[in-house]
Amino acid sequence: MLVYILKRAGFNLGVMLVVVTLTFFLMHLLPGDPFMSQRLNPEIKANLYAKHGLDQPVARQYLDYLSALARFDLGESLKYPGRTVNEIIAESFPVSAAVGILALVLALVLGVTLGVLAGVWQSRWPDRLILAFSTLGLSIPNFALGAGLVYLFALKLKIFPVAMLEKPIDLVLPVLTLAAWPAAVITRLIRTEMIEVLKRDYIIAAMVRGLDPARVILRHALPNALPAVIHYSGPLAATLLTGSFIVEKIFALPGLGQYYITSIGNRDYNLVAGITIFYTFVLLVATFLTDLLAFSMNPQLRYRNGS
Amino acid sequence: MKFNNKVIIFILGILFLVFIAACSTSPAPPAAPEQVIRYNIGAEPATLDPALSSGMVEQTVANALLEGLVRLDKDGHPSPGVAESWEISPDGKTYTFKLRECFWSNGEPLTADDFVYSWLRLLSPETASPYAYQLFYLVNGREYYAGEVKDPASVGVRAEGKDRLVVNLKAPVPYFLALTAFPALFPVPESMVSRDPEGWTLAPGKFAGNGPFKLAAWEHNKQIILEKNEHYWDRENVRLEKLVITLVSDSHTELAMFENDQIDIAETPPYREIERLAQSGQLKVSPDLSNEYYMFNTKVKPFNQVLVRKALSLAIDREALVTNLTKGGERAAYAFVPPGVEGPAPGHDYRSLGEKLIEGFNPAEAKRLLAEAGYPEGRGFPVIELLLDDNQNHKAVAEAITGMWREHLGIESKIVEQEYRVYLNTMFARDYQVARVGWIADYNDPMTFLDMWVTGNDNNLADWENAEYDRLIGSAAGSGDRAARSELMFEAEKILMDELPVVPIYYYTNPYLEKERVKGVIHPSFAILAEFKWAYVE
């Protein structure tokens, strides 16, 4: 097990290095630079370049960046003077993560529940209803869903504020908006797996012997339908936790997702690279954890490893 | 089916609980009747340091927190700020400001030395201020910035005692007094700046200002809270106790918040809603010193021919564009400098010298000129590549204009959309034929629209050259007489509009939303979005 973890960590470190290198050079290849403005004054631009070390050769900038990175220093933002990338991530990630964790939990609970119900009642009305809902969840873009929820619950019913959230309960609308799509995906995944599993001999045998159907479904069928969802939820967790640009924009959430998009437009090289590295890190950790979870839940894998 | 019922009851139960929880939270109470204004500015400021910022969002907040030698009143005229009076020498090159006794928000006194420090900081290459050029007018200003002059004492700004500031300019600049109200020229507190040169505006504890308001909180990407500054010299005339500046960037969210009474002023109403908001009487429009124009690369065939440029201009129906398409109060432009810019005398509009320097929509004449240029009915004319940034509104206008070119001249066009910085890069590299550009005044003088078209200017991306134009602009820049230099600039603008390296399309306005109970907020036509010193709630 320890050998596996160490191997995995080494591999992930390699992935990080590739991501850092690609991001760094691709960013510098993009036309336009952080201090390009419609009012060009070459003297002023040269000074701004010198101040941020952008007048150095790119290879030199890359090595400087790597050595700072080794000390976990992601550098200063080029757009926001006086603020470091570390500070920006530390301030905005908790906001995105709070919304993201709630959305993840909601998507999993909703998706698994509805998926099981649909699978059990395959082709009957509850299944049709759930499928219709999940199709809606998949096809309505989240900006439209967010706008619709705001219109109904904030502007008409006045239950929640439009944006600028103050209380934890205000998170309901962004969490719903964020959770709709993954909930629909999970519903479909579980439904397909359940239909497959419920056809297997041991389930039919258990049912025929008169065991409690609820027990058969939850104890014997569901665990065999879960691995697909567990594998899916690794990358999903990383995406949800690091924030959605659209949801954060609609609800004016001061999260990380907004910075990710705006920093590219601003050519804030350090911020783009910093957030990309951070996202990669979260993604690798989440994937690793879900792999461990799947590993511990799958007796086949467990026994094979033990013998 | 025991199991089914259980599950259904469970789900219904959960839904019921959620519903109860949702209903039990009452909507937020209406804003308190105190002197508080909630203003959405539409973006997170990059910094509040006036020397490090270059955008209107940053400058608007800085203008509430700090104050220059003068402050512009509701008519845009300089009113006393830190300077209680001033004298301008007859040759227009020496300004002597008498400063009042006043204080920073931390209680420290503010003196003439603070201005010398702040202006030298703006001009220091280490500061790398994007607006350093606003002080290149000073004697040795540019030289100090370029490092050619090292001695700060030789730069044209010095303190005489605590309350006298003497400024020496290279040449008379009639708008220099108003320029001292521009954020880049604000004083900054040395005691605070020296502790954290780039981060001193980020937190209330690090910050000190001399404006009507002081910094109470800055929650990034969420809000900035300002409170009345009790150390401000003119505090008797500041009625607002608190200004909450929200940083919501989505214009539809902003509108929903305005309609939900969560904000009092919305700075960026969505383009598509403007017509509805105007019809319902909610939309307010203030003048704006900015224009939209189409620029030709005058070194590329066939756009090097004046006849071609004229024909393309004559085929544009500007009135149709502003009445049927943009609908935000824009005005069709038949000259380059927008109305509202100060001209022959303070308060006297430059455009009063002449509104119309180019002919309006005339397809027959356009056809004739195009034929004369060698392209009868558009035959043999290459497909025009029209460069835009990625803005839906700019694209809609471009589609209408290229449609007019096709209909009236038989010329086909291809619209090339590029992300903003890529688009800038393409223009600077001269890798374009025709480009859509907008320009906003930096200061209230026609020169801010005209000096860039001088041969070899860094911003003359049309690469247009005209010796007579250069001469007229040069003479105007060296003249301190407002009436004379206005005439010179007007003559120059006529040449610009006769040769049309740039074709004006329309002048912008500034649409915004403001609750009726909010009074006294000024919406200036350039540099800052809103002025709150005299604001109050009724």
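Keep in mind that this is a model prediction, so the values were computed, not measured. Side chains included, hydrogens not; waters and symmetry mates left out as well; all remaining heavy atoms used.
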>> As a quick check of understanding, evaluate salt bridge (Lys or Arg N to Asp or Glu O under 4.0 Å) for A/R39 and B/D442, giving each step before the final call.
In response: CA-CA 10 Å; A/R39 281 139 224 268; B/D442 270 335; 2.9 Å; yes
Find the one option among [options] whose heavy-atom pairs under 4.5 Å with chain B are most numerous.
options: A/E248, A/H52, A/E166, A/Q38; answer: A/Q38
options: A/L253, A/I88, A/I250, A/V95; answer: A/I250
options: A/A46, A/S92, A/G265, A/G255; answer: A/G265
options: A/A252, A/S77, A/A163; answer: A/A163
options: A/D33, A/V150, A/L30, A/L155; answer: A/L155

Flag the one option from [options] with the top tally of heavy-atom pairs under 4.5 Å to chain A.
options: B/Y145, B/Y133, B/Y420, B/Y423; result: B/Y145
options: B/T47, B/L424, B/D196; result: B/L424
options: B/Q262, B/H220, B/E419; result: B/H220
options: B/S53, B/P197, B/A256; result: B/A256

Tell me, side chain or backbone of [X] under 4.5 Å from chain A's heavy atoms, or both, or neither?
X: B/S129; answer: backbone
X: B/E219; answer: neither
X: B/I440; answer: both
X: B/T127; answer: backbone
X: B/L202; answer: side chain

What closest approach, in Å, do [X] and [Y] show between heavy atoms, and which atom pair accounts for it?
X: A/L48; Y: B/A128; result: CD2-O, 3.3 Å
X: B/N425; Y: A/P31; result: ND2-CB, 3.5 Å
X: A/P81; Y: B/L52; result: CB-CD1, 3.9 Å

So [Y] and [X], do their side chains get closer than 4.5 Å, heavy atoms only?
X: B/F136; Y: A/N41; answer: yes
X: B/N221; Y: A/Y259; answer: yes
X: B/D458; Y: A/P42; answer: yes
X: B/K222; Y: A/M164; answer: yes

Tell me, for [X] versus chain B, whether the close heavy atoms (under 4.5 Å) come from the side chain, the backbone, both or neither.
X: A/E76; answer: side chain
X: A/P34; answer: backbone
X: A/Y151; answer: neither
X: A/S37; answer: backbone
X: A/Q258; answer: side chain

>> Suppose we screen for salt bridge (charged side-chain N to carboxylate O under 4.0 Å, His left out). Which residues come up paired with A/R83, at least two apart in sequence or across chains?
In response: A/E91, B/E44
> Is B/R421 reaching over with its side chain to a backbone N or O of A/M36, donor-acceptor style, under 3.5 angstrom?
Replying inline: yes
> When you measure from the side chain of A/K79 to the backbone N and O of B/A46, does any donor-acceptor pair fall under 3.5 Å?
Replying inline: no
> Would you say B/F428 has more than 12 foreign heavy atoms packed within less than 6.0 Å of its CZ?
Replying inline: yes
> With a cut-off of 6.0 Å (strictly less than), are more than 12 heavy atoms of other residues, nucleotides or ligands near CZ of A/R219?
Replying inline: no
>> Taking side chain to side chain contact (heavy atoms under 4.5 Å, CB included) as the definition, give me every residue that meets it alongside B/V193, ordered by chain and number, with sequence neighbours left out.
In response: B/Y117, B/R121, B/V188, B/P189, B/W200
>> Under a 3.5 Å cutoff, is there a donor and acceptor pairing between the side chains of B/T253 and A/K249?
In response: no
